[in-house]
A.B. asks: 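Got a structure for you, written out below as structure tokens; questions coming shortly.
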Amino acid sequence: NLKTQVQNNELEISSTKIQLNEAEEAIDDLKDNNLKISFEIGSKFIAYLFQKWGLSSRERISLYLEIERHFILSARYSLDSNFEEVHRKQFPIDQGIIGECWRLGRRCLIHLPKSEVSYIKESIKQNFTQDQVKCFTMKSKSLIAFPISTENFEKIGVLVIESTRVDWNFDETSTLTNEYQVLFRQFLIHY
């Protein structure tokens, strides 16, 4: 009788584990679907900014949100479909211009060299590996990043505008981005 009870308990435990695994898979699917929908909504929002700022097919905008000491690519837009591709969704908090902008809490502008050797050397200084640099779809020559914060001035992410143009300066006075900070805050409340 005791042996039967132990077997029944083991069957119940096994059944519960299977149900738990199925529930975790369903939750993961919902999270993935939610992230996909959020990415699409966010990309439409920054597409509006892209158009408003008069950017060209040589540029792209990406929005990175900080989550658990990493950046998550939360939205991206470019007229060039190659530049819109997403190869990585998560980035180290100390890598590239997003890491610098986050650390300093202010607008950052970087111009990268034309020659490939110098470009790679400069990118390595930004905590990229040579292999990562060689895999870049968009070899940006000019990048500008703006910190995104809540109404309480708590940093939550970074907006990056990249261009393949050399020595390109977008919004040197930051008036356009300042104008849209309120829109970002309202948008991110629902994000």
A.B. asks: Taking all atoms of both residues into account, what is the closest heavy-atom pair of Trp168 and Leu109, and its distance?
C.D. replies: O-CD1, 4.3 Å
A.B. asks: After noting the C-alpha distance and the side-chain angles of Tyr77 and Leu55, does the key distance pass the side-chain contact (heavy atoms from CB on, under 4.5 Å) rule?
C.D. replies: CA-CA 11 Å; Tyr77 183 78; Leu55 300 176; over 6 Å; no
A.B. asks: Under 3.5 Å, is there a donor-acceptor pair between the side chain of Ser78 and the main chain of Glu59?
C.D. replies: yes
A.B. asks: Please check if Leu104 and Phe91 belong to a single hydrophobic cluster, counting links between Ile, Leu, Val, Met, Phe, Trp and Tyr side chain heavy atoms closer than 4.5 Å.
C.D. replies: no
A.B. asks: So if you build clusters from Ile, Leu, Val, Met, Phe, Trp, Tyr with side-chain heavy-atom gaps below 4.5 Å, do Phe146 and Tyr48 land together?
C.D. replies: yes
A.B. asks: Which atom names give the shortest non-hydrogen contact between Arg165 and Lys141, and what distance separates them?
C.D. replies: O-CB, 3.4 Å
A.B. asks: Between Arg103 and Glu100, does at least one N-O distance fall below 4.0 Å, as a salt bridge requires?
C.D. replies: no
A.B. asks: So, for Ile97 and Cys108, which heavy atoms are closest and what is the spacing to 0.1 Å?
C.D. replies: CD1-O, 3.4 Å
A.B. asks: Evaluate whether atom NZ of Lys44 has more than 12 neighbouring non-hydrogen atoms of other residues, nucleotides or ligands under 6.0 angstrom away.
C.D. replies: no
A.B. asks: Cluster question for you: counting only ILVMFWY and a side-chain heavy-atom cut-off of under 4.5 Å, with indirect links fine, are Ile98 and Tyr119 together?
C.D. replies: yes
A.B. asks: List the steps and the verdict of ring pair (Phe, Tyr, Trp, His ring centres under 6.0 Å) for Tyr64 and Trp102.
C.D. replies: CA-CA 10 Å; Tyr64 300 90; Trp102 181 261; over 10 Å; no
A.B. asks: Test of understanding: clusters of I, L, V, M, F, W, Y form through side-chain heavy atoms closer than 4.5 Å, transitively. Do Leu143 and Ile124 belong to the same one?
C.D. replies: yes
A.B. asks: Tell me whether Val86 is reachable from Phe83 by hopping between hydrophobic residues (I, L, V, M, F, W, Y) whose side-chain heavy atoms are closer than 4.5 Å.
C.D. replies: no
A.B. asks: Minimum heavy-atom separation for Gln90 and His70, please, with both atom names.
C.D. replies: NE2-CD2, 3.2 Å
A.B. asks: A quick test of your reading: do over 12 heavy atoms of other residues, nucleotides or ligands sit less than 6.0 Å from CZ of Arg88?
C.D. replies: yes
A.B. asks: If you draw a 6.0 Å radius around CD in Glu68, do more than 12 non-hydrogen atoms from other residues or ligands fall strictly inside?
C.D. replies: no
A.B. asks: Nearest heavy-atom pair of Ser56 and Leu79: which atoms, and what distance?
C.D. replies: C-CD1, 4.0 Å
A.B. asks: Using a 3.5 Å distance criterion without hydrogens, assess whether the side chain of Arg107 forms a donor-acceptor pair with backbone atoms of Ile144.
C.D. replies: no
